[in-house]
2 protein chains.
Amino acid sequence: MEKDKGKITLKDVARMAGVSRGTVDRVLHNRGDVSKRSYDNVMRVIKDIGYEPNIYASILAHDQNRSVVLLLPSYHTGEYWEMAARGAEQAKAYARTFNVSIETVLYDQYDIDSFREACIQLLGLSPAAVVLAPVFRNETAVLTAVLRERGIPYSYVDTKLEEDGYLTFYGMPMYKSGYLCAELLFDSIASVPEAADQMKVALIRIERDRNRKSDPTATRREGFFDYMTEHYPDVEIRSVFINPRDPESIVGTLSAFFTANPGITHVAMFNSRIHLIAPALEILRAGDMPRAVGFDNLDGNLAALRRGSIRYLITQHTDEQTRLAVNSLVDYLVLNKEPERRDNYMHMDILSRNNVDDY
Amino acid sequence: MEKDKGKITLKDVARMAGVSRGTVDRVLHNRGDVSKRSYDNVMRVIKDIGYEPNIYASILAHDQNRSVVLLLPSYHTGEYWEMAARGAEQAKAYARTFNVSIETVLYDQYDIDSFREACIQLLGLSPAAVVLAPVFRNETAVLTAVLRERGIPYSYVDTKLEEDGYLTFYGMPMYKSGYLCAELLFDSIASVPEAADQMKVALIRIERDRNRKSDPTATRREGFFDYMTEHYPDVEIRSVFINPRDPESIVGTLSAFFTANPGITHVAMFNSRIHLIAPALEILRAGDMPRAVGFDNLDGNLAALRRGSIRYLITQHTDEQTRLAVNSLVDYLVLNKEPERRDNYMHMDILSRNNVDDY
DNA sequence: ACGGTTTCCGTGCGCGCGCACGGCGAATTG
DNA sequence: CAATTCGCCGTGCGCGCGCACGGAAACCGT
């Protein structure tokens with residue numbers, strides 16, 4: 001494209017503008033102490049010959065110690081937010097090639113005070129940029145106000161607030177994911193739609209979400225129901241609530257449910273925890289496994305997929321989201337690169353037993 | 001994690017190892033002229049304190065004009081290899097942050113002489129690294145021999161030769177992709193397997209491949225047949241050959257085929273060109289569209305997917321493959337980073353009408 | 001005319017590393 | 001034993017830029 005041969009340097013610009021390197025430098029950084037005449041000269045030369053600073057020399061001379069801090073919900077092994085942490089780990093490799101370090105601050109997503117503390121801790125780290133998963137919306141708004149005031153760029157992952165101070169957002173299209181879930185579930189009778197009247201669906205939900213007003217999967221459920229209404233309006237759909245904190249109880253809960261609701265042929269679960277019910281299905285329905293579709297590539301889910309107790313997983317790449325969010329901030333910080341898109345809805349992957357291996 | 005404050009430099013290593021900067025440098029680059037004693041000392045210190053070179057200083061001092069050259073089949077808009085070129089374009093962004101430029105040399109994949117010429121042209125560019133799509137296997141072997149002799153690292157995309165001089169390979173698991181194709185195609189009767197005896201499959205193939213001994217999709221077809229034998233041994237499978245150079249003829253060919261073979265319910269195509277037959281299906285089978293599954297995310301294929309004339313596409317991310325191959329070479333050149341894996345079989349994406357939007 | 005500001009500008013140093021050059025002691029050779 | 005070679009090593013320069021320092025005009029008031 002452009003000739004890299006006779007690389008144009010700041011010195012060249014200085015010479016061509018009839019000034020010194022220092023003056024060009026002052027112009028480039030709007031640092032004042034430059035006469036209008038010199039300023040114009042320099043600017044003209046820069047435009048004319050298309051000078052671009054050498055970022056390596058710049059960074060080397062600068063030698064800053066930037067760090068990107070992630071603010072995420074804490075997690076146990078195998079849980080949803082672990083994937084985000086994994087993505088952060090991957091981003092580290094990229095960041096460290098730019099001498100940017102990555103730190104993570106965790107909070108309890110069910111304890112607003114821990115979030116407040118985490119915010120204070122985060123600011124104490126004096127981050128060069130921040131990645132947020134905004135579970136507590138009001139408190140997050142407070143934090144981002146501070147960040148904006150301090151000129152610290154930040155990005156959202158998973159969910160975003162409706163404001164426009166953020167650099168990027170990486171998330172999943174929730175409504176569509178529910179729609180897709182229904183489609184995959186009922187693709188099993190696509191060639192014989194008249195079989196629909198023998199089909200019956202169980203939606204597995206979390207006990208705690210039953211009375212929760214802000215269920216994060218509500219939109220997804222909406223997409224699911226819309227698909228069903230459009231394509232299979234007469235199929236029966238039942239909900240059953242399990243308690244994820246007490247895995248022992250799940251077999252019992254489902255056993256009672258299947259007895260009370262015979263003929264369940266399809267199972268769906270809208271959060272990331274379908275791995276919790278896979279063993280129960282294997283025990284209770286070994287003979288005639290219902291077709292099950294769930295979300296997210298947790299290790300437990302992938303294992304169940306491989307065992308055959310789950311037919312499809314729809315994944316949103318939480319790790320990728322985090323990785324890309326960090327990278328966008330690093331690019332912005334180091335290379336002055338504006339992101340291509342502010343809002344990035346990630347592609348949903350469909351995982352089956354036969355394409356999970358090279359995942 | 002590590003303290004970035006007192007950044008460890010090459011000079012520190014030298015001091016701690018009781019040698020000079022030059023010696024450390026020689027060790028780092030395996031440049032010889034170092035006594036075993038000094039070598040061991042330096043290596044130990046490096047391990048101990050976890051020294052990592054500052055790439056900015058490194059690149060700045062280096063200031064070479066390396067270029068990575070891609071050797072790919074030429075293409076028209078909307079064809080398979082265009083995706084590889086697109087991936088190269090994306091890699092450019094990454095490469096340029098390291099002052100590495102990307103060049104592409106194209107050849108006619110049906111003309112061996114053009115390949116030979118391309119090889120000469122490539123060597124004339126004195127590349128720092130090369131990415132290859134080895135259509136002509138024998139000639140490619142000749143080229144790679146030269147590259148090895150000159151110490152130029154290279155990577156394969158799409159296909160590889162069975163040798164072990166390459167740095168990385170990025171491709172798709174072909175057998176599995178065929179297996180997956182069959183599964184997706186017949187998932188439509190998964191809940192009512194007894195419907196299988198009313199199903200009939202058409203495999204659309206390319207006229208030119210009929211007598212070709214090295215059909216690149218042969219392995220894929222094998223996976224497909226294995227799945228069918230295992231799960232639906234009695235389903236009828238018919239092949240029909242079309243001429244992609246004469247799109248006008250396709251409707252006629254398929255029309256005759258459907259007449260001769262009534263009751264086709266499923267259609268599969270193992271190369272990237274299923275977009276060629278989508279219009280024909282829309283015309284000939286508007287009333288009862290067969291279920292069609294194809295490969296690769298060509299724009300034409302995606303459009304047909306959106307229109308509903310294709311049910312699923314299995315994609316192998318040719319663009320990603322190329323991008324990653326280039327990146328692995330850049331990392332190797334600039335950062336001395338060995339690739340994590342030599343052979344990288346890419347994940348296969350399943351695309352349906354409902355997850356294609358954010359692709 | 002002279003001291004004191006203000007405005008504007010040039011120069012030198014250092015960031016950490018790659019590499020060429022030259023040097024020094026020990027081994028080898030005639 | 002002197003001359004040469006060889007193995008090993010240290011030093012200096014430059015990559016392009018940021019920034020601090022100091023200095024030269026120009027301007028001002030007395």
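Labels below follow one simple rule: chain letters A, B, ... track the order of the sequence lines, proteins then strands, and each chain is numbered from 1.
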**Fill in**
Taking D/dC8, D/dC17, D/dG10 as options, the one with an atom nearest any side-chain atom of A/Arg21 is D/dC17

**Item:** Of the listed nucleotides C/dG18, D/dC17, D/dT11, the one nearest the side chain of B/His29
**Value:** C/dG18

**Message:** From CD1 of A/Ile8 over to P of D/dC17, roughly how many Å is that when rounded to an integer?
**Reply:** 11 Å

**For atom NE2 of B/His62 and atom C1' of C/dC17, their distance in whole Å** = 10 Å

**A/Asn41 CG to C/dG10 P, straight-line distance once rounded to whole Å** = 11 Å

**Prompt:** So what does B/Tyr39 hit on the nucleic acid, given a heavy-atom distance under 4.0 Å: a base, only sugar-phosphate, or nothing?
**Reply:** nothing

**Prompt:** Given C/dC15, is OP1 or OP2 found less than 4.0 Å from the side-chain N or O atoms of B/Thr9?
**Reply:** no

**Request:** Give a yes-or-no answer on whether the side chains of A/Tyr80 and A/Thr318 include a donor-acceptor pair shorter than 3.5 Å.
**Result:** yes

**Message:** Expressed as a whole number of angstroms, how long is the span from B/Lys11:NZ to C/dC17:P?
**Reply:** 10 Å

**Nucleotide nearest A/Ser35 when distance is taken to its side chain, options D/dG14, D/dC9, C/dC9** = C/dC9

**Asked** Reckon B/Tyr56 has a side-chain N or O less than 4.0 Å from the OP1 or OP2 of C/dG18?
**Response** no

**Complete:** Atom CG of A/Leu28 and atom C1' of D/dC19 are separated, to the nearest Å, by 14 Å

**Message:** Tell me whether the side-chain N/O atoms of B/Ser58 come closer than 4.0 Å to OP1 or OP2 in C/dC17.
**Reply:** no

**Prompt:** What integer distance in Å separates A/Asp12:CG from D/dG16:C1'?
**Reply:** 10 Å

**Request:** Take atom CD1 of B/Ile59 and atom C1' of D/dG14, then tell me their distance rounded to the nearest Å.
**Result:** 17 Å

**Request:** Identify which nucleotide among D/dC15, D/dG18, C/dC9 has an atom closest to any side-chain atom of B/Ala61, counting heavy atoms from C-beta outward.
**Result:** D/dC15

**Request:** Output the single nucleotide from C/dG18, D/dG10, D/dG18 whose closest atom is nearest the side chain of A/Asp25.
**Result:** D/dG18

**Message:** In whole Å, I'd like the distance from the CG atom of A/Asn54 to the C1' atom of C/dC15.
**Reply:** 13 Å

**Request:** Please tell me which of the listed nucleotides, C/dC15, C/dC9, C/dG18, lies nearest to the side chain of A/Leu60?
**Result:** C/dC15

**Asked** Between B/Tyr107 and B/Gln121, is any side-chain donor less than 3.5 angstrom from a side-chain acceptor?
**Response** no

**Asked** Which of parallel (below 30°), tilted (30 to 60°) and perpendicular (above 60°) describes A/Phe136 and A/Phe115?
**Response** tilted

**Message:** With a 3.5 Å cut-off and heavy atoms only, can you find an N or O donor on one side and an acceptor on the other between the side chain of B/Arg26 and the base of D/dG10?
**Reply:** yes

**Item:** Between B/Ser155 and B/Thr168, a side-chain donor and acceptor under 3.5 Å
**Value:** yes

**Message:** Which nucleotide wins on minimum distance to the side chain of B/Pro53, given the candidates C/dC17, D/dC17, C/dC19?
**Reply:** C/dC17

**Message:** Can you tell me which residue among A/Val142, A/Thr140, A/Val146 is in a side chain to side chain contact (heavy atoms under 4.5 Å, CB included) with A/Thr144?
**Reply:** A/Thr140

